[in-house]
Amino acid sequence: MREVRRVHVLKFGSSVLARPAAYRSVAEEIRTEVAGGANVVAVVSAMGDTTDDLLAAAREVAPSLPDHLMGSLLATGEEASVALLRLALATAGVSAVGMSFRHLPVRTRGPLGSADPVAVDARRIETAFAAHDAVVLPGFVGVDETGVTSLLGRGGSDLTALFVGHALGAAEVRLVKDVDGIFPADPKRFPNIAPLRTATWSEARRTGGGVVQDRALRFAEHHGIPFRVAAPGGTGTWVGRHDPAHDRNSGRKGSVRCA
């Protein structure tokens, strides 16, 4: 029987997964987490500009874009990203399994293009950790109560990671970005400015410049979820209350519903 390990949820956005070679770097970061004693849930966005490219292609095909069809199209970007990261993890020697949004759906309600996550079967992930060190999930995508593919809005992979992390009682949720944290001012205008070491959820909304999806920030604040925003290998910014000695694995597990 495999030992019970703490769970880290790491989200990798499109800007981090900008090109195929980036998946190898991400796999190494996950390998480091596993070597440090964690099971990893990797939540991935589509590679680079894939979502925008799919939207552009859809606009050439159809004059209007029905929400009940667009979800299925855009989800292909995240599904491809899951497969690419699994390839990279296999090459890096990390035992991993990928789960499609149909295999492990994030259940949603509300508008199909900007849905709210309401439930996920966390026990399926925990069961996978009995045989694997990492589980790769698509961000941004869900399934509504009628079985139609839904989307969590632009930047929705942030919300996926926080929702799944909350369901698992994860020891850490980390949103891996192309900037190392949240800055008190625009680092493009002030190149020598340092990121905040810590920030409250409201400070992150006020000063974050859209680094984290606003809906994800509100979800984290509502449920009291601390998380980290960091570049690959970086220290970044802790958002919300955080006690490094506190293991959030005592949180609720199983088939979790969050209002």
Any donor-acceptor N/O pair, [X] side chain to [Y] backbone, under 3.5 Å:
X      : Y      : answer
Arg215 : Leu152 : yes
Ser81  : Ser45  : yes
Trp238 : Leu196 : no
Gln213 : Asp158 : no
Thr108 : Ser150 : no

In chain order, what residues pass the side chain to side chain contact (heavy atoms under 4.5 Å, CB included) check against [X], with sequence neighbours excluded?
X      : value
Arg197 : none
Ala134 : Ile30, Val40, Val94, Ala96
Glu145 : Arg109
Ala185 : Phe190, Ile193

Name the atoms and distances for all side-chain donor-acceptor pairs under 3.5 Å in residues 48-75, with sequence neighbours left out.
residue : atom : partner : partner atom : Å
Thr50   : OG1  : Met47   : O            : 2.5
Asp52   : OD1  : Arg154  : NH2          : 2.4
Ser72   : OG   : Thr149  : OG1          : 3.3

Which heavy atom in [X] sits nearest to a heavy atom in [Y], and how many Å separate them?
X      : Y      : value
Phe12  : Ala42  : CE1-CB, 4.2 Å
Ala38  : Arg5   : O-NH1, 3.5 Å
Val97  : Ala128 : CG1-CB, 4.0 Å
Val143 : Pro105 : CG2-CB, 3.9 Å
Val120 : Ala167 : CG1-CB, 3.6 Å
Pro232 : Val16  : CG-CG1, 4.0 Å

Is there a path of hydrophobic side-chain contacts, each under 4.5 Å between heavy atoms of I, L, V, M, F, W or Y residues, that connects [X] with [Y]?
X      : Y      : result
Ile225 : Val43  : yes
Val44  : Val9   : no
Met99  : Phe140 : no
Leu159 : Leu112 : no
Val106 : Phe227 : yes

What's the separation between atom [atom1] in [X] and atom [atom2] in [Y], rounded to the nearest 0.5 Å?
X      : Y      : atom1 : atom2 : result
Leu217 : Leu162 : CG    : CG    : 8.0 Å
Leu168 : Asn39  : CG    : CG    : 10.0 Å
Ile182 : Arg205 : CD1   : CZ    : 11.0 Å

Val135/Phe129 under side-chain contact (heavy atoms from CB on, under 4.5 Å): CA gap, chis, key distance, verdict: CA-CA 8 Å; Val135 174; Phe129 284 142; 3.7 Å; yes

Is there side-chain contact between [X] and [Y], with heavy atoms separated by less than 4.5 Å?
X      : Y      : answer
Val136 : Leu89  : yes
Val239 : Thr200 : no
Val176 : Val229 : no
Leu137 : Val82  : no

Residues Glu33 and Arg174 bridged, charged N to O under 4.0 Å: yes

Residues Arg31, Asp133: salt bridge by 4.0 Å N-O rule: no

Contact list for residues 39-48, test salt bridge (Lys or Arg N to Asp or Glu O under 4.0 Å), sequence neighbours left out: none

Salt bridge (Lys or Arg N to Asp or Glu O under 4.0 Å) involving Asp180 - partner list, sequence neighbours excluded: none

Glu79: partners by salt bridge (Lys or Arg N to Asp or Glu O under 4.0 Å), with sequence neighbours left out: none

With [X] via side chain to side chain donor-acceptor pair (under 3.5 Å) - residues at least two apart:
X      : answer
Thr160 : none
Thr127 : none
Arg228 : Glu172
Ser14  : none

Derivation and outcome, side-chain contact (heavy atoms from CB on, under 4.5 Å), residues Ile125 and Val164: CA-CA 10 Å; Ile125 299 173; Val164 170; 3.9 Å; yes

Mutual orientation of the aromatic rings belonging to Phe219 and His166 [parallel < 30°, tilted 30-60°, perpendicular > 60°]: perpendicular

